[in-house]
There are 2 protein chains.
Amino acid sequence: MTVASTPPVTGPPVTGPPVSLRERKKLATRLLLRRAALELVAERGLANVTVEDIAEAAEVSPRTFFNYFASKEAVLFGGDSDRAAALRAAIVSAVPGQPARDALRLVLTQDSEAMASELRSLGGDPAEWVRRMKVARTDPHVRAAHAAQMSMIERAIAEGLAARLGADQETDPYPGILAAASVSMVRACLTFWAGSGGAIPLGQVIDQAFKTLADGFPEDSDLRRITANVTTATTAANRKDTH
Amino acid sequence: MTVASTPPVTGPPVTGPPVSLRERKKLATRLLLRRAALELVAERGLANVTVEDIAEAAEVSPRTFFNYFASKEAVLFGGDSDRAAALRAAIVSAVPGQPARDALRLVLTQDSEAMASELRSLGGDPAEWVRRMKVARTDPHVRAAHAAQMSMIERAIAEGLAARLGADQETDPYPGILAAASVSMVRACLTFWAGSGGAIPLGQVIDQAFKTLADGFPEDSDLRRITANVTTATTAANRKDTH
DNA sequence: GCTCTTTGTTGCACGCACTGCAATCATGCC
DNA sequence: GGCATGATTGCAGTGCGTGCAACAAAGAGC
């Protein structure tokens, strides 16, 4: 018998799209719900979109919506339940020996790329999606929901930092404060990135933001020229491609 | 006739507590609702407290609750509707000539003291309130609600920073990112402060946090020894009794 | 092809948050 | 006391979110 013919004993292969019809259908409806939600919220604002609207647009029952997302807001953001735990672990073990602040920079920059590619996986015109993101970001309701969502991530990151530093969060405010500042910065970068129409790669914005953080937020930070640099230096950046 | 006998034409005097019975009653129920809410949430967690519970504890109808607070969460935090606008204005005009980052430090440190004294105005044993705050902060639901609340403040601060710097938020991410990091730090400081039992003055924690920010978050920041400094210096602080 | 099990979908009923409206009640002013 | 103002309340209604049980579709075994 060939190796290829032996079926895996531990379920479907770890990589690649799920082959089962069941799984594919689930992914499809998940995607449909997301697209419908972003579309509608960009049109009317979160307050004027009901779960029933979203479900109807995706051609499922309202009850099914809640089988996929825990809340009306959750459909707008990456609802990965274990992303927090993954980030926590990554922070503990990333680039040992380096300062926690720099490890955080690396981990969050990489994570942001995963986020962006996940957004791309929604399919359709990327520019169109960024436009919708931009509209959605101006909605205060959406902003608040996003901040609330990120507070979960923040907690996990604070734990990761404390573990890495061997610190006790009860007596050492450093992990909690650094986590709060960092996560919030990432959120602000997302907003800016969406507002810029996705012109600058998200990872680049976040990396620059962390550099500015490490420099103590000087007013003449390179971060402030990031738009100008991109518009004038896009081709140059493509040529040298520092990473 | 004396000057004192002439009634003001523009309503009650700007300073001092409202004298009208109506106003006093309103303030009283507002306080009652707050106390009841904090008490109950500290006991059972936000998810296990209904608006009806809070209203009943404060001896008003549930409907009246919403005449005072816009949401179940709003009762837990300082619901100042115009605090955002005040902060925005303060940031624009504070310590002209200084870097925006330092102006922010000053404004937010001062604002935190106002917050703390407002908390003190709830009456009763301060230590008891801090204990309740601490319990409340461990509730993820409460944390999320607070983050959402702060996102409004964040927006106002970003606007203030942009105005001060003459920057355009569409092309310059600096104001938005600095605002996000700063507001989130303040939130984390509040959490830490509550968790510490109010041992360290809130303003001091926030000021140290901003110093750490300006230094680029070094791992050997003084911020990390803030608890040790206080525990050894508590008696000294009590002796001089700065207030 | 056919059952049988597993898993996803849906409808139903319920609790709770929140809002607009109109009636009622207390306060302030004369 | 009598009137104007404004706060309190009940009521009806919308929408979010959840547990439960019936139903339908997919996979496994034959």
Side-chain angles (χ1 to χ4, degrees), chain A residues 7-12 17-33 36-37 40-41 44-77 79 81 140-142 144-145 148-149, chain B residues 5-9 11-12 18-33 36-37 40-41 44-77 79 139-142 144-145 148-149:
Chain A
V9 283
T10 58
V19 279
S20 155
L21 175 59
R22 266 187 146 93
E23 298 301 318
R24 267 182 291 132
K25 277 186 116 173
K26 281 196 75 168
L27 264 295
T29 28
R30 216 184 160 76
L31 220 63
L32 267 177
L33 283 169
L40 290 172
V41 169
R44 315 180 207 161
L46 185 55
N48 298 322
V49 174
T50 71
V51 170
E52 197 177 349
D53 294 335
I54 302 172
E56 194 177 352
E59 295 180 307
V60 293
S61 80
R63 186 63 186 82
T64 299
F65 176 91
F66 290 106
N67 287 344
Y68 283 87
F69 301 100
S71 71
K72 185 174 126 179
E73 287 78 21
V75 71
L76 296 175
F77 317 118
S81 59
H141 200 320
V142 175
Q149 160 86 11
Chain B
S5 68
T6 57
V9 284
V19 280
S20 155
L21 175 58
R22 266 187 144 91
E23 299 301 318
R24 269 183 290 131
K25 277 185 113 174
K26 281 197 75 169
L27 263 295
T29 33
R30 214 183 161 77
L31 220 62
L32 268 177
L33 283 169
L40 291 172
V41 169
R44 316 180 207 159
L46 184 56
N48 298 321
V49 174
T50 70
V51 170
E52 197 177 349
D53 294 337
I54 303 172
E56 194 176 352
E59 294 179 305
V60 294
S61 80
R63 186 64 186 83
T64 299
F65 176 91
F66 290 107
N67 287 344
Y68 283 88
F69 301 99
S71 72
K72 185 174 127 182
E73 288 78 20
V75 72
L76 297 174
F77 317 117
D139 185 337
H141 200 323
V142 175
Q149 161 87 9

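Naming: A, B, ... by sequence-line order, numbering from 1 per chain.
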- Where along nucleotides 5-17 of chain D does protein come under 4.0 Å, by heavy atom, of base (B) or sugar-phosphate alone (S), with - for untouched nucleotides? BBSBBBB----SB
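Note on residues 56-75 of chain B: no pairs pass salt bridge (charged side-chain N to carboxylate O under 4.0 Å, His left out), not counting sequence neighbours.
Atom-to-atom distance recorded for A:I54:CD1 and A:L76:CG is 7.0 Å, nearest 0.5 angstrom.
Looking at residues two or more places apart in sequence or on another chain, you find a side chain to side chain contact (heavy atoms under 4.5 Å, CB included) between A:P140 and B:M152. B:Y68 is linked by a side chain to side chain contact (heavy atoms under 4.5 Å, CB included) to B:K26, B:T29, B:R30, B:L33, B:T64, counting only residues two or more places apart in sequence or in another chain. By the side chain to side chain contact (heavy atoms under 4.5 Å, CB included) test, B:D53 pairs with B:L40, B:R44, B:V49, B:T50, sequence neighbours left out. Residues satisfying the ring-ring contact (aromatic ring centres under 6.0 Å, His included) test with A:F65, not counting sequence neighbours, are A:F69.
In this structure a side-chain-to-backbone donor-acceptor pair under 3.5 Å is missing from B:D139 to B:G45.
Bracketed by its first and final contacts, the part of DNA chain C lying under 4.0 Å from non-hydrogen atoms of chain A reaches from C:dT6 to C:dC12 in 5' to 3' order.
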